[in-house]
Every structure is written in structure tokens, then in C-alpha cells.
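Each remark here refers to the structure printed beneath this line.
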Amino acid sequence: MSNLPNNFSQSLEISRASQQKLPIVALESTVITHGLPNPQNLALAQDMEQTVRAEGATPATIAVMDGKIQIGLSPDQLERLANARPDELIKVSLRDFATTLVQNKMGGTTVAGTMFVAQKAGIRVFATGGIGGVHKEARFDVSTDLQSLASIPMIVVCAGAKSILDLPATLEYLETMGVPVVGYGTDKFPEFFSTGKDLPVSVKLDTPEEIVKFARTHWELGMNSAVLVCQPVSSHMAIPADEISAVLAQVSQEVVEKKIIGQKVTPYELKRVNELTGGKSMRTNLDLLLNNAKLAAQIARAMVSYEHQQKVL
Ligand code: PSU
Ligand code: MN
């Protein structure tokens, strides 16, 4: 049995996979509860799990429901989470776990929240869409995602951070906190909807094996930070930066005018960008999420092979 603390519950599939040291990929659930509309959210959640399985790894979607912090959801739990009413749901970052548990609500975990839980379960690889960062509208609004990246050793696969954020400030913060920013096959920091153009990553790596070797080296030195792997959105689904910049500027202005603050900012921005691009941004978002799940599964497999080799040597 697992040695998880109270309030955590692990599915049988994940317990077995971790006992047998099989590759596991953690998946977040804020994208299900607050990032995408219904029913696309459920389809995406199922497709991400399927993509991880197709690459030979086990998906561990993380969420709060049924009175526990869940590591690995059953098909029925995934459906109930995706179909829940907004008033039943909390967006769960680090400060929100206790609230969600004591109010017996359901919660979609953010990047920060998911990393926190995955670490407890010994999971080392996690796939998401885009990380949170420093906002443009209120520059003291810095996502807890950055703090978790600074303090939790894990490989986090993303498509960079949304260009609606203050990207130079976000990268400065990551640098300050000692988080390596890996460009997967690129030396430019991907900008979520677009492939990225002028901001640098800290290192370019080209294969899952190189990423594993890099992460192992980073942690063997005693570093405790995450390794942020940024895979650019595929070029046929990318929205060029100049095509989307007017939309991003308008949405940013709306956030200020409507006085939207705190954890409501990111969901509002994603929803409005989708409306203003006539659904295009959501298609891009879905595509990059699946690509990231696939790469994360390949990395998780490479990690298991690497550990096996180390033992044999
Ligand atoms: N980026 C997306 N879709 C999302 C999120 C980010 O494209 O749904 C979610 C992630 O879960 C991320 C969170 O951790 O938003 C960041 O929210 P905040 O800025 O409130 O920390
Ligand atoms: Mn925020």
C-alpha cells in the first residue's frame, strides 16, 4: 500500500504502476474545470489520458473530489468532474486544498496544485498546456505555478506561457528562482498560441533521453527546482503573434476595466480569447495539450529506462 498522508487517495492503477516502477504522467484538472467549456473539457481529458496510454505510460489525472485529493481518476470521476456546475467547483492552487476539502467541493488542480500532489505520489513527469506567470495587468499577480516550479523537482511539459502574460517578467522570475527553461527542439521560448519569436530559453534539447539526462544531472547536483520543458505548438495550429496581438490587447484592457482579479483572470482571458478568435484559440489549445501529453509520456518512459540502466551498471 502507498504511504500517502491523510486526505490523499490513489487509484489502484496508479498504486500498481508506481509499485512496479512503470512510467506515470500526472495531468492537471483546472484545464477541465476552468480552462475549457463543456463538453470539450471532457473529451480533452479523455483524449489526454488516451494519448499517454498510447505512448506506453499511465495517466494520473489529479483533482479533489469525493472528499479526497485524488491521484488517478476513474472514468466516472472524470465525467463527474467535467460535467460539474461552476458553483460546485473550486480552482485549486496551493492555498485552496483545505477549503475544497472542508467544504466538500470538487476542485480542478492548477499547475502548482498538481505538482504539489504529484510529488507526494512520487510522480516525476507532468503535462499541462501553459503555465501561469506574471500578469500584465497587475504585476504583483504572480501565479503560484512559478513558486511551485521553483521548489518541486519534477519535469513539467508545457507550451510555454500564454502571451497574455508578461512573458519577459515571467522568464526573469524563473531565472531568479533557478528553474531551467528547456526549449524542445527550439531556442525560442514558446508563447502558447504561437511558437515564440524573440525570448530565449536557457537550454535547447532535442530528445526525451536528453531531457531525462539533463533533469537527472540537475537534481543530482542537489537542485530542487523543476525542469520546465517547453514544446512549441505545432506550426499548422499556431496562431501568428501579429494575428492575435490585437485580441490579447483587448482582453487585457477588459480585465482592467471590469476589475477582474485573482484566480478569475486566467479563465476569463482564455474564454474571451476563444470568443474573439471564433473558436480558433481553443482548437490550438486542444492540439498543444495533446502534443504535450505525448511528449510527457515519452519522457516518463525514457526516465524509467534511464533508471533501469543506472541500476544495471
Ligand atoms: N493555461 C491554460 N489553460 C489553463 C491554465 C493555464 O492555457 O487552464 C490554468 C493552469 O491550471 C494554470 C492556471 O496552473 O491556469 C494558472 O492560474 P493562475 O494564473 O490563477 O495561477
Ligand atoms: Mn494569478
Side-chain angles (χ1 to χ4, degrees), residues 26-38 40-41 44-45 48 61-64 81-82 86 89-97 107-118 126-150 152 154 156-167 169-170 173-174 190-194 226 228 230-233 237-239 244 248 251-252 255-256 259-274 277 280-293:
L27 300 171
E28 64 143 309
S29 51
T30 289
V31 67
I32 304 171
T33 57
H34 293 79
L36 292 168
N38 185 275
Q40 287 90 343
N41 62 344
L44 177 274
M48 278 189 91
T61 301
I62 285 170
V64 187
L81 185 73
L89 288 168
I90 293 182
K91 171 174 161 182
V92 183
S93 193
L94 299 188
R95 65 163 191 191
D96 309 295
F97 281 100
T109 49
T110 64
V111 169
T114 306
M115 289 179 75
F116 171 76
V117 178
F126 163 36
T128 181
I131 59 161
V134 181
H135 283 274
K136 276 181 183 156
E137 298 80 19
R139 296 181 76 250
F140 48 83
D141 179 356
V142 178
S143 175
T144 314
D145 293 357
L146 299 187
Q147 201 205 312
S148 289
L149 287 163
I152 299 177
M154 187 170 295
V156 179
V157 180
C158 68
K162 285 178 305 297
S163 26
I164 204 123
L165 295 166
D166 184 334
L167 294 183
T170 300
Y173 187 103
L174 290 168
E191 300 184 8
F192 196 74
F193 299 122
S194 41
L228 186 64
C230 304
Q231 168 169 246
V233 59
M237 291 303 280
I239 310 177
I244 204 167
L248 300 181
V251 171
S252 186
V255 166
V256 176
K259 300 193 168 56
I260 294 168
I261 56 164
Q263 61 173 192
K264 293 202 163 65
V265 174
T266 300
Y268 178 85
E269 290 179 338
L270 286 169
K271 179 165 151 283
R272 287 295 289 144
V273 172
N274 188 39
T277 58
K280 195 168 174 180
S281 71
M282 188 175 70
R283 289 193 291 278
T284 301
N285 198 343
L286 295 174
D287 188 73
L288 66 85
L289 280 159
L290 294 180
N291 285 344
N292 293 347

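Just so you know, ligand 1 is whichever comes first in the structure, and atom 1 is the first atom listed for that ligand. The first residue in the sequence is number 1, and the count goes up from there.
Between Pro190 and Gln231, the closest heavy-atom pair is CG-C, 4.0 Å. When all heavy atoms of Val157 and Asn292 are compared, the closest pair comes out as CG1-O, 3.8 Å. Across every non-hydrogen atom of Val233 and Ala238, the tightest pair is CG1-CB, 3.7 Å. The two residues Glu137 and Val265 come nearest to each other via the heavy atoms OE1-CG1, 4.3 Å. The two atoms that bring Leu288 and Phe192 nearest to each other are CD2-O, 3.5 Å, heavy atoms only.
Within the listing of ligand 1, atoms 8 (O) sit less than 4.0 angstrom from a heavy atom of Gly35. In the vicinity of Thr30, heavy-atom distances shorter than 4.0 Å reach the ligand 1 atoms 9 (C), 11 (O). In the vicinity of His135, heavy-atom distances shorter than 4.0 Å reach the ligand 1 atoms 19 (O). Each of the atoms 11 (O), 14 (O) of ligand 1 lies under 4.0 Å from some heavy atom of Thr110. Ligand 1 places these atoms under 4.0 Å from at least one heavy atom of Asp145: 12 (C), 14 (O), 16 (C). Close approach of ligand 1 to Lys91 is summarised as follows: ligand atoms under 4.0 Å from at least one heavy atom of the residue are 17 (O), 18 (P), 20 (O). Per-residue contacts place Thr266 under 4.0 angstrom from the following atoms of ligand 1 (heavy atoms of the residue considered): 15 (O), 17 (O), 18 (P), 19 (O). Interface atoms of ligand 1 facing Ser143, defined by a heavy-atom separation under 4.0 Å, are 18 (P), 19 (O), 21 (O).
Counting only heavy atoms of the protein, atom 2 (C) of ligand 1 lies nearest to Leu270 CD1, 3.7 Å. The single protein non-hydrogen atom nearest to atom 11 (O) of ligand 1 is Glu28 OE1, 2.8 Å, given as residue, atom name and distance. When only non-hydrogen protein atoms are considered, atom 6 (C) of ligand 1 lies nearest to Gly130 O, 3.2 Å. Summary of contacts: the protein heavy atom closest to atom 7 (O) of ligand 1 is Phe192 CZ, 2.8 Å.
Contact annotation: for Leu36 versus ligand 1, there are no heavy atoms closer than 4.0 Å. For His34, no heavy-atom contact with ligand 1 is shorter than 4.0 Å. At a heavy-atom distance under 4.0 Å, atoms from both the backbone and the side chain of Val111 approach ligand 1.
The one candidate from Thr33, Thr128, Val156 that meets the side chain to side chain contact (heavy atoms under 4.5 Å, CB included) condition with Glu28 is Thr128.
Rounding to the nearest 0.5 Å places CE of Met115 at 10.0 Å from OG1 of Thr110. Atoms CE and OG1, from Met237 and Thr284 in turn, are 5.0 Å apart once rounded to the nearest 0.5 Å. To the nearest 0.5 Å, atoms OG1 (Thr61) and CG (Leu81) are separated by 9.0 Å. To the nearest 0.5 angstrom, Ile164 atom CD1 is 9.0 Å from Thr266 atom OG1. The CG atom of Asp141 sits 11.5 Å away from atom CG of Asp166, with the distance rounded to the nearest 0.5 Å.
For ligand 1, none of its N or O atoms has an N or O atom of Thr109 under 3.5 Å away.
Contact annotation: Lys264 has no heavy atom less than 4.0 Å from any atom of ligand 1.
The Mn ion (ligand 2) lies closest to atom OD1 when only the N/O/S atoms of Asp141 are considered.
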